[in-house]
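One structure below.
The sequence lines fix the lettering, A, B, ..., with proteins before strands; numbering per chain opens at 1.
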Amino acid sequence: MNYWLMKSEPDECSIDDLASAPGQCLPWIGVRNYQARNFMRDAMRIGDGVLFYHSSCPQPGIAGLAEVASPAYPDASQFDPASPYYDPKSKPEQARWLHVDVRYRRKTRLLSLTEMRERPELAGMRVLQAGNRLSITPVLAEEWQRVLQLLEGPT
DNA sequence: GCCAACGTTGGC
DNA sequence: GCCAACGTTGGC
């Protein structure tokens, strides 16, 4: 069992959007970074825990919990010229971009980026490291536990 | 809107 | 394989 933090712009897909999706499950389309793709392709397993993070918004932070719900499979948006995620260099016979499905578990209080940075027990988290821009980062089991503890606690 | 940090592209 | 130019990310 592995754990992940996955960033999503709430304008595009928020934790509420995931909660109200059919089957409370959505394909995590649009990842166009090789490292993030490789995490999905090589390391994710069905049932892995996901910290659902809102980025590029007024209140960035962890907004809920989700889980990996499928193996990695080709991202259809890369072949759609009308999509902002279109990649003309990707060939259907060898798709460049993959994604997994993500299933809603629950909404939490917002654990803001500010609060995350204030907590020494989270200081090692990959997402908090200087210069990190990855939209998908691994989370250690102990970090997952610490985040859950903070989410249970007072706001 | 700014801008720092990082990733990708493509000419050589 | 180098590296400059360019594009993107994402907090502020």
Self-check item: chain A footprint on DNA chain B, 5' to 3' - any atom under 4.0 Å from a heavy atom
Solution: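 Listing 5' to 3', DNA chain B meets chain A from B:dA5 to B:dG10.
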
By ring-ring contact (aromatic ring centres under 6.0 Å, His included) - contacts of [X] (at least two apart):
{"X": "A:F52", "result": "A:W28, A:H54"}
{"X": "A:Y3", "result": "A:W144"}
{"X": "A:Y73", "result": "A:H99"}
{"X": "A:Y34", "result": "A:W97"}

Practice problem: Name every residue in residues 52-60 of chain A that has at least one heavy atom under 4.0 Å from any atom of DNA chain C, in order of residue number, or write none if there are no such residues. | Solution: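 Only A:Y53, A:S55, A:S56, A:P60 qualify.
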
Quiz item: Given that A:Q35 and A:K89 both sit by DNA chain B, which one's nearest nucleotide is further toward the 5' end?
Solution: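 First, find each residue's nearest nucleotide; the 5'-ward one identifies A:Q35.
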
Practice problem: Can you run down the ring pair (Phe, Tyr, Trp, His ring centres under 6.0 Å) pairs that involve residues 117-140 of chain A, sequence neighbours left out, and say none if there aren't any? | Solution: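 For residues 117-140 of chain A, and leaving out neighbouring residues, there are no ring pair (Phe, Tyr, Trp, His ring centres under 6.0 Å) pairs at all.
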
Quiz item: Who passes side-chain hydrogen bond (donor to acceptor under 3.5 Å, both in side chains) against A:K107, sequence neighbours left out?
Solution: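 By the side-chain hydrogen bond (donor to acceptor under 3.5 Å, both in side chains) rule, A:K107 matches A:D16.
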
Pairs under 3.5 angstrom only: tabulate donor-acceptor contacts from the side chains of residues 63-72 of chain A to other protein residues two or more places apart or in another chain.
from, atom 1, to, atom 2, distance (Å)
A:E67, OE1, A:R105, NE, 2.7
A:E67, OE1, A:R105, NH2, 3.2
A:S70, OG, A:D101, N, 2.8

Exercise. Dump the intermediate steps for salt bridge (Lys or Arg N to Asp or Glu O under 4.0 Å) on A:R32 and A:D75, then the final yes or no.
Key: CA-CA 10 Å; A:R32 295 293 180 269; A:D75 182 337; 3.1 Å; yes

With a cut-off of 3.5 Å and sequence neighbours excluded, list every side-chain donor-acceptor pair involving residues 4-12 of chain A.
from, atom 1, to, atom 2, distance (Å)
A:W4, NE1, A:D48, OD2, 2.9
A:K7, NZ, A:L134, O, 3.4
A:S8, OG, A:C13, O, 2.6

Exercise. Please work out which residues in residues 127-138 of chain A have a non-hydrogen atom less than 4.0 Å from an atom of DNA chain B and list them by number.
Key: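 The stretch gives A:A130, A:G131, A:R133 as the residues lying under 4.0 Å from the strand, ordered by number.
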
Quiz item: In chain order, what residues pass the side-chain contact (heavy atoms from CB on, under 4.5 Å) check against A:R117, with sequence neighbours excluded?
Solution: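 Once residues adjacent in sequence are excluded, the partners of A:R117 under the side-chain contact (heavy atoms from CB on, under 4.5 Å) criterion are A:L113, A:L128.
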
